[in-house]
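Right, one structure below, let's go through it.
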2 protein chains.
Amino acid sequence: MRADAQRNRKRVLEVALETFAAEGLSAPVAEIARRAGVGTGTVSRHFPTKDALSEAIVLHLVSEIVVRARELAATRDPGTAFFEFFALMVEQIAVNRGLSQAMSGSGFDVEAVAFDPERNLLTVEEGLLAGARKAGAVRPDITRADVKALMVGCLAREQHALDPQARKRMIDVACAGLRAQRQP
Amino acid sequence: MRADAQRNRKRVLEVALETFAAEGLSAPVAEIARRAGVGTGTVSRHFPTKDALSEAIVLHLVSEIVVRARELAATRDPGTAFFEFFALMVEQIAVNRGLSQAMSGSGFDVEAVAFDPERNLLTVEEGLLAGARKAGAVRPDITRADVKALMVGCLAREQHALDPQARKRMIDVACAGLRAQRQP
DNA sequence: ATCCAAGCGGGACGAGTATCCCGATTGTGC
DNA sequence: GCACAATCGGGATACTCGTCCCGCTTGGAT
């Protein structure tokens, strides 16, 4: 691959990351091209479709989160690891409008991307959840889908106010719900 | 208004309700016209824009929910009233894809519609929440936006499985979080 | 039965967007 | 330097929708 092509590819990726984070997934490809200082043709040559572009970005972000999740799993007791992971996910995704949309379902399928063997977020997540369940830190009937749904709830909170205190409160409420035993 | 015009208006409203519930808010107007057996012109004459159509529908649904919420407020103790209202909202909205989208923010503004004086969902909701807070049934720092965010979370759960048991569990988890006191 | 305005159907139009294509340009091996 | 293939830019194309318009139809009052 020619050096300029490599530069352009990297630049498009960076700009797309920023743009999707700021404007959401509906940002036009032409806008990304403009900001990156290239033509639309250059974008679509490197990433044949818009989905291919978003996937490349998400793949990168997910792989970063997986690293931090593994650290948590290794250095904390099961309960703490799980709840810190929950907060970490929400904090990371909350500042990225594109990721929020993807999580909330109005976008492409994050799960499909997350199945990539080397970066398997799902496995780490399941491991953290299983550990927390076993340690009695979360109710035994909670599933991964429940956890994700609560994350989406925390992210939805951002629509009303970008108040960090409100975000913390939501995370706290969600975690309290996961922890509590079933009501009699 | 001529009798046939009245009939058509009603039919369009009914079909649009079903269609938005089943397909979501992105269902084309032309599709609604087709199902209603009328031309697109007929739809846009009765409802000048697509938003006007969705608003008419939401207005109707909200007014129904408000009636039931007022009943709850009148016949239950504050805590029970609030939690049953929470479950009621989720159950009602979960079966309507259009409403779910509107709640999750990827649509028009439900809050604006809900401000309609005679059908003020917000007031009832705030009243139920205040009552529950005062009775010590929910943590004192919870706001209406927090409650809505948790509802969105419960609705997000539906994307993975339409399992009624999972829905109940999510509602239970969310309510437990609202109830619990802040972690030390 | 007649008339005519209210109402209707559905095609025209325009906006927004992703994708493809091709003539112009530029990096790179020799 | 030179040649040429890889790469680029951005206009052309195709598609989906919402909204508007206009010639035809029909309800309902007389």
Side-chain angles (χ1 to χ4, degrees), chain A residues 1-59 97-98 101-102 105-109 112-113, chain B residues 1-59 97-98 101-102 105-109 112-113:
Chain A
M1 183 184 264
R2 249 165 60 174
D4 58 339
Q6 234 170 320
R7 262 200 314 276
N8 276 333
R9 188 182 196 283
K10 198 177 165 205
R11 173 132 187 78
V12 167
L13 216 42
E14 287 168 359
V15 170
L17 171 61
E18 290 167 25
T19 306
F20 283 144
E23 318 284 339
L25 293 173
S26 60
V29 175
E31 173 66 14
I32 292 169
R34 197 185 59 73
R35 292 194 199 185
V38 302
T40 58
T42 302
V43 176
S44 50
R45 196 168 333 98
H46 288 301
F47 307 95
T49 68
K50 191 178 183 179
D51 280 353
L53 178 56
S54 340
E55 269 188 34
I57 292 170
V58 171
L59 213 65
R97 209 168 140 193
Q101 288 178 356
S106 52
F108 57 99
D109 192 1
V113 175
Chain B
M1 184 183 262
R2 245 163 63 171
D4 58 340
Q6 234 169 318
R7 262 200 313 276
N8 276 334
R9 188 182 198 281
K10 198 179 165 205
R11 173 130 187 80
V12 167
L13 216 42
E14 288 167 358
V15 170
L17 171 60
E18 289 167 24
T19 307
F20 284 143
E23 318 283 338
L25 292 172
S26 59
V29 175
E31 173 67 13
I32 293 169
R34 198 184 59 74
R35 291 194 199 185
V38 302
T40 59
T42 302
V43 176
S44 51
R45 196 168 333 99
H46 289 299
F47 307 96
T49 67
K50 190 179 184 177
D51 281 351
L53 178 56
S54 344
E55 269 188 34
I57 291 169
V58 171
L59 213 64
R97 205 167 144 195
Q101 287 178 356
S106 54
F108 57 100
D109 192 2
V113 174

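Below, chain A is the first sequence line, B the second, and so on; all start at residue 1.
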Exercise. Under 4.0 Å between a side-chain N or O of Asn8(B) and OP1 or OP2 of dG7(C)?
Worked result: no

Exercise. Could you give the CZ-to-C1' distance, from Phe47(B) to dC17(D), as a whole number of Å?
Worked result: 19 Å

For this session: Please round to the nearest 0.5 Å and tell me the distance separating atom CD of Glu14(A) and atom CD1 of Ile57(A).
Result: 10.5 Å

Exercise. What is the distance from atom OG of Ser26(B) to atom NZ of Lys50(B), rounded to the nearest 0.5 Å?
Worked result: 6.5 Å

For this session: Would you name the heavy atoms of Phe47(A) and Ala56(A) that are closest together and state the gap between them?
Result: CE2-CB, 4.0 Å

Problem set entry | Whole angstrom value for the distance that separates C1' of dT28(C) from CZ of Arg7(A) | 13 Å

Exercise. Between Gln6(B) (CD) and dC8(C) (P), how many Å, whole number?
Worked result: 11 Å

For this session: May I ask you to list the residues of residues 28-43 of chain B, by number, that have any heavy atom positioned under 4.0 Å from an atom of DNA chain C?
Result: Gly37(B), Val38(B), Gly39(B), Thr40(B), Gly41(B), Thr42(B)

For this session: Mind calculating the distance between CG (Asp4(A)) and C1' (dT26(C)) to the nearest angstrom?
Result: 7 Å

Exercise. Distance check: side-chain N/O of His46(A) vs OP1/OP2 of dC8(D), anything under 4.0 Å?
Worked result: yes

For this session: Please state whether the phosphate of dC8(C), meaning OP1 or OP2, lies under 4.0 angstrom from any side-chain nitrogen or oxygen of Arg45(B).
Result: yes

Problem set entry | Arg7(B): salt bridge (charged side-chain N to carboxylate O under 4.0 Å, His left out) partners, not counting sequence neighbours | none

Exercise. Which of the following nucleotides, dG28(D), dC8(D), dT26(C), is nearest to the side chain of Arg2(B)?
Worked result: dG28(D)

For this session: Indicate the atoms forming the closest heavy-atom contact of Val15(A) with Ile32(A), along with that distance.
Result: CG1-O, 3.7 Å

Seminar exercise, completed: Taking for Ala27(B) and for Met1(B) the nucleotide of DNA chain D with the nearest heavy atom, the one nearer the 5' end belongs to Ala27(B)

Exercise. Is there a donor-acceptor contact under 3.5 Å from the side chain of Arg9(A) to the main chain of His46(A)?
Worked result: no

Problem set entry | Options dT28(C), dT19(D), dC8(C), nucleotide nearest the side-chain atoms of Lys50(B) | dT19(D)

